[in-house]
Colleague: 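Take this structure first; my questions come after.
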Amino acid sequence: MSTKGLLIVLSGPSGVGKGTVCSALRSLVPDLVYSVSATTRKPRMGEVDGVNYFFKEREQFLSMIENDQLLEFAEYVGNYYGTPRDFVEETIANGKDIILEIEVQGALKVKEKFPEGIFIFLTPPSLDELKDRIVGRGTENQATIDHRMSVAVDEMELIRHYDYAVVNDEINHACKRIESIIIAEHCKVVK
Ligand SMILES: Nc1nc2c(ncn2[C@@H]2O[C@H](COP(=O)(O)OP(=O)(O)O)[C@@H](O)[C@H]2O)c(=O)[nH]1
Ligand SMILES: Nc1ncnc2c1ncn2[C@@H]1O[C@H](COP(=O)(O)OP(=O)(O)O)[C@@H](O)[C@H]1O
């Protein structure tokens, strides 16, 4: 039996509730390790460097790419986002499960490098509900909301590349489904 940890990727359109579901998973699955991404996006109110993201200037981010420090990166609505490679590789080598909360293009790049990863797509109950959540969060201006919604429509098409689809109708239900997936993956017979 493999002693490596699971690499779990949670993806889906902006506003579907990835961040909210990940926070709720912390108490339900306490042993899960969370990858902290690097980004060129400016911090939002209350966000802490090294906790929510590693906030970088564009030049710093480009040098991380150049030095092959990122497992994947993507440009999303005008900013770069990327997953620091060493932390992910060390965590799974130490037998711990890690979860990456990333957008859809980046998730597909991780799949090329780690096809054995577990790829979970979080879906909204409907596109109308998705828009209500982005607007309700109050962090984006109208132009960014429109841009994120048009990206979301394209992203929904990519669900077929994933192993699991989880509807985020209610946070606790979505978390339970993800916990069940993790339990099932640990019970899999390794062939
Ligand atoms: N490819 C990739 N996407 C990321 C990474 N970190 C965060 N994201 C995604 O980038 C998108 C925008 O993130 P953010 O600006 O924080 O907005 P929010 O997640 O919608 O609140 C979201 O879909 C995130 O999941 C990363 O390291 N790589
Ligand atoms: N199941 C849910 N039901 C209702 N609102 C939700 C649900 N999940 C998340 N939200 C709300 O939707 C908004 C977007 O969630 P967030 O976690 O920031 O999304 P993402 O990280 O995917 O961009 C937030 O205001 C959040 O409180």
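Each ligand, and each atom within it, is numbered from 1 in the order the structure gives.
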Colleague: Are more than 12 heavy atoms from other residues, nucleotides or ligands located less than 6.0 Å from atom NZ of Lys96?
Modeller: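 Atom NZ in Lys96 is not packed in, count stays at 12 or less.
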Colleague: Just checking, Lys111 and Tyr162: is the charged tip under 6.0 Å from the six-membered ring centre and within 45° of the axis?
Modeller: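 Not flagged: Lys111 not positioned over aromatic ring of Tyr162.
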Colleague: Which atom pair, heavy atoms only, marks the closest approach of Tyr164 to Glu185?
Modeller: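 Result for this residue pair: OH-OE2, 2.7 Å.
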Colleague: In Å and rounded to the nearest 0.5 Å, what is the CD1 to CD distance from Ile98 to Glu89?
Modeller: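 So the gap between those two atoms works out to 10.0 Å.
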Colleague: Of all heavy-atom pairs between Val21 and Ala174, which one has the smallest distance, and what is that distance?
Modeller: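 Here Val21 and Ala174 meet closest at CG2-CB, 4.3 Å.
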Colleague: Gln60 and Phe55: which non-hydrogen atoms are nearest, and at how many Å?
Modeller: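 Gln60 and Phe55 have their closest heavy atoms at OE1-O, 4.5 Å.
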Colleague: Check ligand 2 against the protein and report each N/O to N/O distance under 3.5 Å, formatted as atom name, atom name, distance.
Modeller:
residue	atom	partner	partner atom	Å
ligand 2	1 (N)	Asn168	OD1	2.9
ligand 2	1 (N)	Asp169	O	3.4
ligand 2	3 (N)	Arg133	NH2	3.3
ligand 2	8 (N)	Asn168	ND2	3.0
ligand 2	17 (O)	Gly19	N	3.3
ligand 2	17 (O)	Thr20	N	2.8
ligand 2	17 (O)	Thr20	OG1	2.5
ligand 2	18 (O)	Arg137	NH1	2.7
ligand 2	19 (O)	Gly17	N	3.1
ligand 2	21 (O)	Gly19	N	2.9
ligand 2	22 (O)	Gly15	N	3.4
ligand 2	22 (O)	Val16	N	3.4
ligand 2	22 (O)	Gly17	N	3.0
ligand 2	22 (O)	Lys18	N	2.8
ligand 2	22 (O)	Lys18	NZ	3.0
ligand 2	23 (O)	Gly15	N	2.7
ligand 2	23 (O)	Arg137	NH1	3.0

Colleague: Could you list the residues that satisfy side-chain contact (heavy atoms from CB on, under 4.5 Å) with Thr144, not counting sequence neighbours?
Modeller: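 Expected list: Val77, Glu140, Asn141, Arg148.
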Colleague: When you look for protein heavy atoms under 4.0 Å from ligand 1, which residues do they belong to?
Modeller: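 Lining ligand 1: Ser14, Lys18, Ser37, Arg41, Arg44, Tyr53, Glu72, Ala74, Tyr76, Tyr81, Gly82, Thr83, Glu101, Ile102, Glu103, Gly106, Arg137, Arg148.
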Colleague: Using the side chain to side chain donor-acceptor pair (under 3.5 Å) rule, collect all pairs that involve residues 46-58, keeping only residues at least two apart or in two chains.
Modeller: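 For residues 46-58: Arg41-Glu47.
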Colleague: State the CG-CD1 distance between Leu122 and Ile159, to the nearest 0.5 angstrom.
Modeller: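 So the CG of Leu122 and the CD1 of Ile159 are separated by 9.5 Å.
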